[in-house]
Amino acid sequence: MKTLNKTLTKEKPKTTIKMSGAEAVINCLLAEGVDLVYGYPGGAIMPVYDELFKYKSKLHHVLTRHEQGATHAAQGFARVTGKTGVVFATSGPGATNIVTGIADAQIDSTPMVCITGQVSSHLLGSDAFQETDIVGISTPVTKWNYQITKASEIPEILAKAFYIAKSGRPGPVLVDITKDAQFGELDFSYKKCKKIRSYKAIPKFNIEKIKEAATLINSAKKPFIVWGQGVILGKAEKEFKNFIEKTDIPSASTVLGLSALESKHRLNVGMVGMHGNYAPNVLTNECDVLIAIGMRFDDRVTGNLNMYAKQAKIIHFEIDPSEVDKNVKTDVAVLGDVKETLSEIINLVDKANHKNWLNEFTKLYEIEYKTIIKDQFNPTKNGLTMGEVINKINKETKGDAIIVSDVGQHQMFACRYADFIKTRSNVTSGGLGTMGFALPAAIGAKMGVPNREVIAIIGDGGFQMTIQELGTILQTKAAVKIVVLNNSFLGMVRQWQELFFDKRYASTVMTNPDFVKIAEGYGIEANRVSKRKDLDKAIKAMIASKSSYFLEVVIESEDNVFPMIPTGASVSDIRLS
């Protein structure tokens, strides 16, 4: 029974309510505005689930079929909404099963709070049943983690968890709660965390650095912008667009930056990286000023660092000081919230015209189109190509869908060819490259923005890594559209084996089940296409469906994704074939 206590203070009376630690967890989430949780119950977190049952009208729980699926669903939800995803898991294997999703969220800067149950505090360190040191295991892949052993700690620690996960450069936080702390009682009151001493989420920008950057940009003859997910995380899409339109600078995206700027904008020159577009990769090594905005110069973008943009002055707009000069030495580092720093610099840069420089991108795009893209969209071969599937989805959705891609060749085809007209429309596993990401992430994305079309693009290999999440669709009725591009190979590895290992296809040939029957077994309408004449009709039927839909497209088995920068090569050594 709850009792109300009022503790008089010199300021304002503080209201507390007596409740269990488990109930406090639920109330903390409600205080943070959480209304959706993904998870999987077990013994060590059962008290929390028992309280969750009482609050189910306020806090919806989605039972995934595997704890990893819960983390990816929470990621998909977070990526499309900008909110913090929340995950519940039990101790031992339940906790270790979420580590992959946590690592994925860490490297892709996705805000997520994971709450795990733990054995009672007196059993810690005794190798009790389903005990594992999840705090120790997750330390390298979390922004912060903490183990709670007393009920009284719960409100303060969870408030910190949500603040840390969402503030500055976002990331995952794990809170491990012992079972006795869940059963224990506390006088509950909740205060949102707004700052933590010694933790500076957003560095204060230096106006002098912004002036230095503006001077370089104004004097540049061949400036070039590479933007990343930081533009989206900073909600700076409008400021970014105003900046590039005033300066007339050709701009290319990283994989995670896609959709911050509409695909067909005249200054959007494509995607950089290993399988990015020809022009922005080659011309990286010809620009005189390279402006990096909210990106981290990872190896898939830069290729060989010893040959990356050595001729250019480098300006880096970044919120995380640890990323500055980590891989690429900068001439001017502009630290701070990118929404603020872009707002400042736009008043200092000149209105410019770089028509001749932009024409160089156009010329190289025409080479790429004639060599690669034309044959992907209008293939001469009998087998279907991944590019033509993505292109036909574009035509049917007019670029207004959220595309959630898994990892492999299909991911690169989706990122290269999908059209986007709205931000937060490209969801994929970037830094970690987690196969199995797309299906559960698409479920989370659809729940985050139920009024938008969500299409998962998955390979036959990745699909089978989290195929059990079809059960989550069965139970929740999430209207996700699933496209499996089936080439009966682990396609990306096979491509490398073809190009660099004399076609020794070691353990990459896939013997697959009947995917259509499996989908139908989960109550999902399903279809298979293997001929070009049937593709348009099949895609139209999928998009028209108001429910979940599964479409398997049988793809040319040895189709490759190009361009490609070989490992160790310069970005200007990108191969067209």
Side-chain angles (χ1 to χ4, degrees), residues 34-40 59-66 68-87 101 104-105 108 110-112 232 258-259 390 393-394 396-406 410-411 414 418-429 434 436-458 462-463 465-484 519 522-527 539 541-552:
V34 176
D35 56 10
L36 186 61
V37 176
Y38 298 91
Y40 204 96
L59 187 58
H60 179 56
H61 178 270
V62 177
L63 175 64
T64 57
R65 296 307 185 258
H66 191 283
Q68 182 181 343
T71 58
H72 294 328
Q75 286 178 273
F77 172 85
R79 293 272 286 275
V80 300
T81 64
K83 299 177 181 178
T84 300
V86 180
V87 174
D104 196 289
D108 281 355
T110 305
M112 185 164 66
I232 298 170
L258 291 169
S259 83
I390 303 301
I393 289 172
N394 286 337
E396 197 61 32
T397 63
K398 297 178 173 56
D400 193 23
I402 291 171
I403 303 296
V404 185
S405 54
D406 212 78
H410 62 279
Q411 176 190 34
D419 285 340
F420 301 109
I421 62 172
K422 293 178 182 176
T423 190
R424 294 188 178 274
S425 294
N426 176 59
V427 180
T428 194
S429 173
T434 305
F437 172 88
L439 181 58
I443 295 169
K446 185 63 179 177
M447 291 178 175
V449 283
N451 294 327
R452 293 194 66 191
E453 194 74 75
V454 175
I455 303 172
I457 307 293
I458 316 177
F463 181 55
M465 286 198 168
T466 50
I467 195 170
Q468 69 276 2
E469 299 308 330
L470 293 174
T472 306
I473 293 176
L474 172 65
Q475 189 158 347
T476 63
K477 308 300 181 189
V480 173
K481 310 299 171 62
I482 305 159
V483 180
V484 168
Y522 282 98
I524 299 171
E525 187 177 356
N527 190 14
I539 289 175
M542 176 184 73
I543 300 300
S545 175
K546 301 300 182 185
S547 305
S548 56
Y549 195 101
F550 177 87
L551 177 62
E552 177 187 359

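These numbers come from the heavy atoms of this one structure, side chains and all, not from hydrogens, waters or symmetry mates. Source: prediction; values computed, not measured.
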For [X] against [Y], the heavy-atom pair lying closest together:
X: Ser405; Y: Ala438; answer: C-CB, 3.6 Å
X: Ala401; Y: Phe420; answer: O-CD2, 4.3 Å
X: Thr71; Y: Gly101; answer: OG1-CA, 3.3 Å
X: Asn394; Y: Ala418; answer: OD1-CA, 3.5 Å
X: Ala70; Y: Val87; answer: O-CG2, 3.7 Å
X: Thr466; Y: Pro440; answer: OG1-CD, 3.5 Å

Do [X] and [Y] touch side chain to side chain, with heavy atoms closer than 4.5 Å?
X: Ile455; Y: Ile543; answer: yes
X: Ile482; Y: Ile458; answer: yes
X: Asp104; Y: Asp108; answer: yes
X: Val34; Y: Lys83; answer: no
X: Thr428; Y: Val404; answer: no
X: Leu63; Y: Thr472; answer: no
X: Val86; Y: Met112; answer: no
X: His60; Y: Asp35; answer: no

Residues two or more places apart in sequence or in another chain: which of them pass side-chain contact (heavy atoms from CB on, under 4.5 Å) with Ser548?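 With neighbours one apart ignored, the set is Ile473, Ile524.
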Among all residues two or more places apart in sequence or in another chain, which pass the side-chain contact (heavy atoms from CB on, under 4.5 Å) test with Ala78?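 Listed in chain order: Thr110, Pro111.
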Hey, mind stepping through Ile232 and Arg424 against side chain to side chain contact (heavy atoms under 4.5 Å, CB included) and telling me if it holds? CA-CA 7 Å; Ile232 298 170; Arg424 294 188 178 274; 3.7 Å; yes
Using 0.5 Å steps for rounding, measure from the [atom1] atom of [X] to the [atom2] atom of [Y].
X: Ser547; Y: Lys477; atom1: OG; atom2: NZ; value: 8.5 Å
X: Ile402; Y: Arg79; atom1: CD1; atom2: CZ; value: 11.0 Å
X: Ile467; Y: Met465; atom1: CD1; atom2: CE; value: 12.0 Å

Atom OH of Tyr40: over 12 foreign heavy atoms under 6.0 Å: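 At most 12 heavy atoms, drawn from other residues, nucleotides or ligands, come within 6.0 Å of this atom.
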Would you find a donor on one side and an acceptor on the other, under 3.5 Å apart, between the side chain of Ser545 and the backbone of Met542?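 Judged by distance alone, no pair lies under 3.5 Å.
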Would you say Arg65's side chain and Glu469's backbone share a donor-acceptor pair under 3.5 angstrom?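 Between the backbone of Glu469 and the side chain of Arg65 there is no qualifying donor-acceptor contact (under 3.5 Å).
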Output all residues satisfying side-chain hydrogen bond (donor to acceptor under 3.5 Å, both in side chains) with Thr423, sequence neighbours left out; order by chain, then residue number.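 side-chain hydrogen bond (donor to acceptor under 3.5 Å, both in side chains) list for Thr423, sorted by chain: Glu237.
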For Leu258 and Ile403: C-alpha separation, side-chain torsions, deciding distance, then whether side chain to side chain contact (heavy atoms under 4.5 Å, CB included) applies. CA-CA 11 Å; Leu258 291 169; Ile403 303 296; over 6 Å; no
Verdict with supporting geometry, Asn527 and Tyr549, side chain to side chain contact (heavy atoms under 4.5 Å, CB included): CA-CA 8 Å; Asn527 190 14; Tyr549 195 101; 3.6 Å; yes
Qualifying residue, where the test is salt bridge (charged side-chain N to carboxylate O under 4.0 Å, His left out) with Glu453 and the options are Lys398, Lys546, Lys481: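 Exactly one option meets the salt bridge (charged side-chain N to carboxylate O under 4.0 Å, His left out) with Glu453, and it is Lys481.
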Leu551 and Val484: side chain to side chain contact (heavy atoms under 4.5 Å, CB included), yes or no, with the steps? CA-CA 6 Å; Leu551 177 62; Val484 168; over 6 Å; no
Kindly write out the residues that satisfy ring pair (Phe, Tyr, Trp, His ring centres under 6.0 Å) with [X], not counting sequence neighbours, or none if the list is empty.
X: His72; result: Phe437
X: Phe550; result: Phe463
X: Tyr38; result: none

salt_bridge(Arg452, Asp400) N-O dist < 4.0 Å: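 Yes.
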